[in-house]
Amino acid sequence: MTATLLRTAADLHARVRTGRRAVVMTMGALHEGHATLIRTARKVAGPEGEVVVTVFVNPLQFGAGEDLDRYPRTLDADVELAGTSGADAVFAPSVDEVYPGGEPQVRISAGPMGERLEGAARPGHFDGMLTVVAKLLHLTRPDVALYGQKDAQQLALIRRMVRDLNFGVEIVGVPTVREEDGLALSSRNRYLSPAERRTALALSQALFAGRDRHAAQEALRARAREVPASRARAEALSAIGESRAAADAHAVATTAGGPAAIRAAARLVLDEAARLDPPLTPDYLALVDPSDFTDIGDDFTGEAVLAVAARVGATRLIDNIPLTFGTFGDAS
């Protein structure tokens, strides 16, 4: 399948629409993670629908000293990958097409949620991101837009903007795509030397360590629920040590565990990576509620996100995994 390259919104609007339009927004330098987004968009749009991939390196979301100038630009390869993955069109506008007359004077504010984690590390980043996403939603006029869960805070803010400002578009999150060794796919991975890439594996390894600790805690909570309800049953099971095992499980799950233990398990991996050559320099490690990206408490139940950001050499990388608390219910 060959994707049509479009440079202006007028050309995009002139296309005949016969079904749902699904849009995948990118900054180019497409890789298998983007290909997964495009293939998912193809399924969402259906055979009668249309998939549009946007390629636009947005200057508003790069801060002073960030990698705007060296961000990879590979449009020919991007168009080819988009087409083979199922896209009908690639919309690659110029800066003047997106921001006629220069930088916009009116912009979207990410609010308090945009000042946490990535927002604290990159002031103004999310304001620029939401502004261009709003612009591209208006320019492409999709029925549904798909974004990767690797950029979890970005996805949460886009969902919030669409809901708060009544955008008539469905937002779909697509799970993170990883290399066989666990490293999350990113256009910035190409900046890493072989030695830096080995160090960068600590990001996913830290998340997996936190995930394993969380799984152990949830299993212990499930075991704690099996504490005998009646005295007679308790006495009978006590003979084979069952009640002690349940009590131990309950103690570990409620006192030695929780979000702090998950963060500690992940932090241990990051601390070890900080002593490597080249070293990993963490920006943050956080376990947050995805509705507002605030830290979760010990009594939290529901979906959470364990997120990490770090630098290896001159390259800054982010990663995250979702965790569900309360899978087995509260111990009682």
Side-chain angles (χ1 to χ4, degrees), residues 5-15 21-29 34 52-73 75 78 89-148 150-173 187-188 283 290-294 309 316 318:
L5 177 61
L6 306 170
R7 291 290 196 170
T8 69
D11 290 339
L12 180 58
H13 297 165
R15 292 176 65 87
R21 174 176 286 174
V23 165
V24 174
M25 295 183 185
T26 82
M27 292 205 300
H34 297 110
V52 176
V53 175
T54 69
V55 174
F56 180 67
V57 182
N58 177 35
L60 295 190
Q61 66 193 73
F62 287 81
E66 293 189 337
D67 57 352
L68 173 61
D69 291 337
R70 73 178 187 128
Y71 195 87
R73 290 161 172 82
L75 184 58
D78 294 343
V90 171
F91 177 49
S94 66
V95 173
D96 289 340
E97 178 73 12
V98 177
Y99 301 122
E103 292 190 1
Q105 298 300 300
V106 177
R107 308 186 186 194
I108 301 290
S109 170
M113 184 174 168
E115 297 172 357
R116 300 169 187 138
L117 300 187
E118 280 298 290
R122 305 174 66 188
H125 166 71
F126 284 126
D127 292 353
M129 181 275 294
L130 289 179
T131 298
V132 78
V133 167
K135 291 275 289 184
L136 289 172
L137 288 175
H138 291 312
L139 290 171
T140 60
R141 303 172 184 175
D143 299 289
V144 57
L146 298 90
Y147 302 89
K150 186 180 79 72
D151 298 294
Q153 193 171 3
Q154 170 180 285
L155 174 59
L157 281 162
I158 292 171
R159 282 178 165 150
R160 190 75 188 217
M161 177 184 73
V162 165
R163 184 179 68 190
D164 287 354
L165 301 184
N166 300 102
F167 280 67
V169 59
E170 177 187 357
I171 302 299
V172 173
S187 298
R188 290 184 169 93
D283 275 356
S291 68
D292 58 9
F293 269 68
T294 57
R316 186 175 184 276
I318 63 173

Quick check for you: to the nearest 0.5 Å, what is the distance between Ile171 atom CD1 and Leu137 atom CG?
6.0 Å

So which atom in Ala152 and which in Phe293 form the shortest heavy-atom distance, rounded to 0.1 Å?
C-CZ, 3.7 Å

Taking all atoms of both residues into account, what is the closest heavy-atom pair of Ala134 and Phe167, and its distance?
CB-CZ, 3.9 Å

Taking the side chain as every heavy atom from C-beta outward, state whether Leu157 and Met129 have any atom pair closer than 4.5 Å.
yes

Going from CG on Leu6 to CD on Glu97, what distance comes out if it is rounded to the nearest 0.5 angstrom?
10.5 Å

Checking side chain to side chain contact (heavy atoms under 4.5 Å, CB included) for the pair Leu60/Glu103: CA distance, chi angles, key distance, verdict?
CA-CA 8 Å; Leu60 295 190; Glu103 292 190 1; 3.8 Å; yes

If I take atom CE from residue Met113 and atom CZ from residue Phe126, how far apart are they, to the nearest 0.5 angstrom?
8.5 Å

His138 NE2 to Thr140 OG1 distance, which is reported to the nearest 0.5 Å
10.0 Å

Evaluate the side chain to side chain contact (heavy atoms under 4.5 Å, CB included) criterion for residues Val52 and Leu12: first the C-alpha distance (whole Å), next the side-chain angles of each, then the deciding distance (0.1 Å), finally the verdict.
CA-CA 9 Å; Val52 176; Leu12 180 58; 4.1 Å; yes

Given Asn58, Val106, Ile108, the one that forms side chain to side chain contact (heavy atoms under 4.5 Å, CB included) with Thr131
Ile108

Side-chain donor or acceptor of Arg188 paired with backbone N/O of Ile318 under 3.5 Å
no

Please list all pairs meeting salt bridge (Lys or Arg N to Asp or Glu O under 4.0 Å) that have one or both residues in residues 155-165, counting only residues at least two apart or in different chains.
Arg160-Asp164

If only atom types and distance count, is the side chain of Arg122 paired as donor or acceptor with the main-chain N or O of Phe62 below 3.5 Å?
no

Heavy atoms of Val98 and Pro93 approach each other most closely as CG2-CG, 3.5 Å

Considering only heavy atoms from C-beta outward, does the side chain of Leu5 approach that of Phe91 to under 4.5 Å?
no

Where is the tightest heavy-atom contact between Leu75 and Ala92, given as atom of each residue plus distance?
CD1-CB, 3.9 Å

Donor-acceptor side-chain pairing of Ser94 and Asp96 below 3.5 angstrom:
no

Do Pro290 and Gln153 have side-chain heavy atoms sitting under 4.5 Å apart?
no

Taking every non-hydrogen atom, the tightest pair across Ala145 and Val169
N-CG2, 3.9 Å

Can Arg316 and Glu118 be counted as an ion pair, charged N to O under 4.0 angstrom?
yes

Does any part of the side chain of Leu155, heavy atoms only, come nearer than 4.5 Å to the side chain of Lys150, both counted from C-beta?
no

Quickly, which of Met161, Gln154, Gln61 forms a side chain to side chain contact (heavy atoms under 4.5 Å, CB included) with Val133? Name it, please.
Met161

Minimum heavy-atom separation for Val55 to Asp78, with atom names?
CG1-OD2, 4.2 Å

Validation: residues 22-29 side-chain donor-acceptor distances under 3.5 Å, sequence neighbours left out:
unit_1: Thr26; atom_1: OG1; unit_2: Gly28; atom_2: N; d: 3.0
unit_1: Thr26; atom_1: OG1; unit_2: Thr54; atom_2: O; d: 2.8

Roughly how far apart are Tyr147 OH and Ile158 CD1, rounded to 0.5 Å?
4.5 Å

